[in-house]
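Before I ask anything, here is the structure I am working with.
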Amino acid sequence: MKNSEQSAFGYGFTTADGSSHVEEKGLTKREYFAGLAMQSSDLKAYANKYGNKWADEVAKDSVQMADALLKELEK
């Protein structure tokens, strides 16, 4: 499994009677890093530059930043 597809906050547990194991995967590392990148974006600057398409551009740039971070971490 690629690093970008691994869970950022996954966990697993076994029920009290031991009858089953449950795993919660949550966000992938890529999704989590992209969300963090979005928080650091200057939204007013994006709105001024891209008008109604500002959210699409923030999302694209945030995913690019997440991918760049994951690539660097794999070195």
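We count residues from 1, following the sequence as given. Bear in mind that the values here come from a model prediction, so they are computed numbers and not experimental data.
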Exercise for the section: Would you indicate whether Y32, at its atom OH, is surrounded by more than 12 heavy atoms from other residues, nucleotides or ligands within a distance under 6.0 Å? Expected result: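 No, because the 6.0 Å sphere around OH of Y32 holds 12 heavy atoms or fewer from other groups.
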
Handout entry: Over 12 foreign heavy atoms within 6.0 Å of CG, N52
Key =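 Not buried by this count: 12 neighbours or fewer within 6.0 Å.
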
Exercise for the section: Kindly compute the distance separating NZ (K29) from CG (L70), expressed to the nearest 0.5 Å. Expected result: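 Separation between the atoms: 7.5 Å.
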
Practice task
Verify salt bridge (Lys or Arg N to Asp or Glu O under 4.0 Å) between K71 and E74, making sure each step is shown before the conclusion.
Solution key: CA-CA 5 Å; K71 183 178 177 183; E74 288 183 10; over 6 Å; no

Handout entry: Least distance between heavy atoms, M38 atom then S62 atom
Key =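 Scanning both residues, the minimum pair turns out to be CG-OG, 2.9 Å.
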
Problem - Between CZ on residue F33 and OG1 on residue T28, distance to nearest 0.5 Å - result: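 It comes to 9.5 Å.
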
Practice task
Give the cluster check for V63 versus L27: same hydrophobic cluster or not, with ILVMFWY residues linked at side-chain heavy-atom distances below 4.5 Å.
Solution key: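 Cluster IDs for V63 and L27 differ.
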
Handout entry: Side-chain ion pair, E57 and K60, N-O less than 4.0 Å
Key =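 K60 and E57: salt-bridged.
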
Problem - Exercise: identify the closest heavy-atom pair between A34 and A66 - result: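 Minimum heavy-atom separation between A34 and A66: N-CB, 3.6 Å.
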
